[in-house]
There are 2 protein chains.
Amino acid sequence: MKKVLAGQSDVGYPAGMDTTPAVQACSPTAGRRERKKQRTREALVDSAFRLFAQKGFEATTVEEIADAVDVSSRTFFRYFASKEDVLLTFQDEQFTAMKEAFAARPADEPVITALRRASVSVVRACEDGEFGFDPERFGCIQHLMESSPAVFGSSLEHGQKKHAEMTRLMAERMGVDPATDVRPHVVAAVVNGVFHTAFELFSSDILGAERFSDVLSELLRSLEDGINFPAAAVETSSPS
Amino acid sequence: MKKVLAGQSDVGYPAGMDTTPAVQACSPTAGRRERKKQRTREALVDSAFRLFAQKGFEATTVEEIADAVDVSSRTFFRYFASKEDVLLTFQDEQFTAMKEAFAARPADEPVITALRRASVSVVRACEDGEFGFDPERFGCIQHLMESSPAVFGSSLEHGQKKHAEMTRLMAERMGVDPATDVRPHVVAAVVNGVFHTAFELFSSDILGAERFSDVLSELLRSLEDGINFPAAAVETSSPS
DNA sequence: ACGACAAGTGTCACTTCATGACACTTTGAG
DNA sequence: CTCAAAGTGTCATGAAGTGACACTTGTCGT
């Protein structure tokens, strides 16, 4: 189990970092203006997470979020396109980490296998707070997705936006051209779907799994064997 | 190609029906009130489709839609939970048809295969305007999904809402218990994902396919063979 | 150091979606 | 015919999101 994480120490995260990784990392000589902007952004995210956790997603208004940081709600919308958008920051970080972990998988692993090992390692990192991830926020998002359809919906959309990139990654590893070969598209779609289903299975507590990563792992594993299962009442003749 | 449609004449649609199938079908002796309600609903859907096609989704307000039918916008929201909701009526009909077609597939077909044949037949029916489907609306929705993220988003969400039902269907055909077996969940997720990807591939015109149903068919077909493809630069050693 | 320029922000006004409250009309049932 | 319920309109309200414009502050060239 833990073994999956073994080869992943080189995922690409600097060892020591405080709660605001992006500030220093993004632009070393960016000047005060840039830093101020980053601080405001981080403050808004913080404020949003706190209020969401406290009162729920739809119950908190952007005005409250902005007021808590002492900026106008107009400013909030200059940083985030929508209320949901605040949460996507986190998912973006996850996705980036996932890409890196995926790229680091040994070349002899088939796509789904590599994807499973990579994504499970990243999710575990989120759960355990490794590599600068905040398990509090991870849990908060999970809770919000359960309770608020709007959040889950925006997560779906966000996943879709990443679809093209995913497809490219798959195509690269498979060494095929996504413009002529549908298979990388299929793989990307499938994985995206399985991610969200993993979450639903986890939160609806079927399987009684302790951790999201375990559900995800199991689902992806089942993908590796092919899924065109025979119908029930039929002799086990292999599908044509 | 056309052969796929062969066994599907018994999908369950009455032969002769005008543009408002639900009116007579739903409640034979429902009284005037019920009929009036249905007419208003249909009128709203009509009006919405017309305006969406004409001015685009976000450019038309619910007030315009309602005004065109001479009801207040308040009334609109008594029929539909949101502006997007109007479009989901159509998708519901599609989904229902798909379920029936799926149930009618011979018992010796594996899940994905049956699903492919069933769904492709339904989509073809939409494209060709068979069984009471309106190809105009089908095309309109496709166009709206391309141009308006909100529509695509709500379609995603709607698909997710149908997920539980899909899972049940899969589990039934596979003869397993969805409470203990993850495979039907995986299948449902995968299929849902592939549907949306099929649409994206179709509208981005990769593959240069003429019809949506062709793209869908190809994608589902590729699912049937399993998708854990080996990485590129590696000897064709079979995946462990 | 100074001034021009641009970025960031606040304020105000506005549109649209969505919902709650209440009153009026229609319709179905007894 | 009468009454209750369903359907609808009107009014009011709240929150999301956007455009316009002015003010402040950081940045950069001189």
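A note on names: the letters A, B, ... follow the listed sequences, proteins ahead of strands, and every chain is numbered from 1. Worth knowing before you read on, the calculation uses all heavy atoms, side chains too, and leaves out hydrogens, waters and symmetry mates.
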Respond yes when some side-chain nitrogen or oxygen of [X] is under 4.0 Å from OP1 or OP2 of [N], and no when none is.
| X | N | result |
| --- | --- | --- |
| Thr40(B) | dT8(D) | yes |
| Lys83(B) | dT16(C) | no |
| Tyr79(B) | dG7(D) | no |
| Lys36(B) | dG7(D) | no |

Which part of the nucleic acid, if any, lies within contact of Ser73(A), taking any heavy atom under 4.0 Å across all strands shown: a base, the sugar-phosphate backbone alone, or nothing?
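Contact class for Ser73(A): none.
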Check every strand shown and say whether Asp70(A) touches a base, only sugar-phosphate, or nothing at a heavy-atom separation below 4.0 Å.
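Here Asp70(A) touches the backbone only, sparing every base.
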Please state how far atom [atom1] in [X] lies from atom [atom2] in [N], giving the value in whole angstrom units.
| X | N | atom1 | atom2 | answer |
| --- | --- | --- | --- | --- |
| Phe77(A) | dT15(C) | CZ | C1' | 14 Å |
| Asp67(A) | dG10(C) | CG | C1' | 12 Å |
| Arg33(A) | dA6(C) | CZ | C1' | 6 Å |
| Glu34(B) | dA6(D) | CD | C1' | 10 Å |
| Glu63(A) | dG17(D) | CD | C1' | 13 Å |
| Phe76(A) | dG10(C) | CZ | C1' | 17 Å |
| Arg78(A) | dC21(D) | CZ | P | 14 Å |
| Phe80(A) | dA16(D) | CZ | P | 15 Å |

For the side chain of Arg74(B) and the base of dG20(C), is some donor closer than 3.5 Å to an acceptor across the two?
yes
Using only modelled atom types and a 3.5 angstrom limit, is any donor from either the side chain of Arg35(A) or the base of dG26(D) paired with an acceptor on the other?
no
Side chain of [X] - closest among [options]:
| X | options | value |
| --- | --- | --- |
| Ser72(A) | dT11(C), dG17(D), dC17(C) | dT11(C) |
| Thr61(A) | dG17(D), dG10(C), dA16(D) | dA16(D) |
| Thr75(B) | dT8(D), dG26(D), dA16(D) | dT8(D) |

Measure centre to centre between the rings of Phe199(A) and Phe195(A), then say whether the value is under 6.0 Å.
no
Asp214(A)/Arg124(A) salt bridge by N-O under 4.0 Å criterion
yes
Ring geometry between Phe138(A) and Phe90(A) (parallel below 30°, tilted from 30 to 60°, perpendicular above 60°)
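Phe90(A) and Phe138(A): tilted rings.
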Intermediate values then yes/no, side-chain hydrogen bond (donor to acceptor under 3.5 Å, both in side chains), Ser82(B) and Glu84(B):
CA-CA 5 Å; Ser82(B) 71; Glu84(B) 290 86 355; 3.1 Å; yes
Counting only heavy atoms not in His143(A) (residues, nucleotides, ligands), do more than 12 fall under 6.0 Å from its NE2?
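At most 12 heavy atoms, drawn from other residues, nucleotides or ligands, come within 6.0 Å of this atom.
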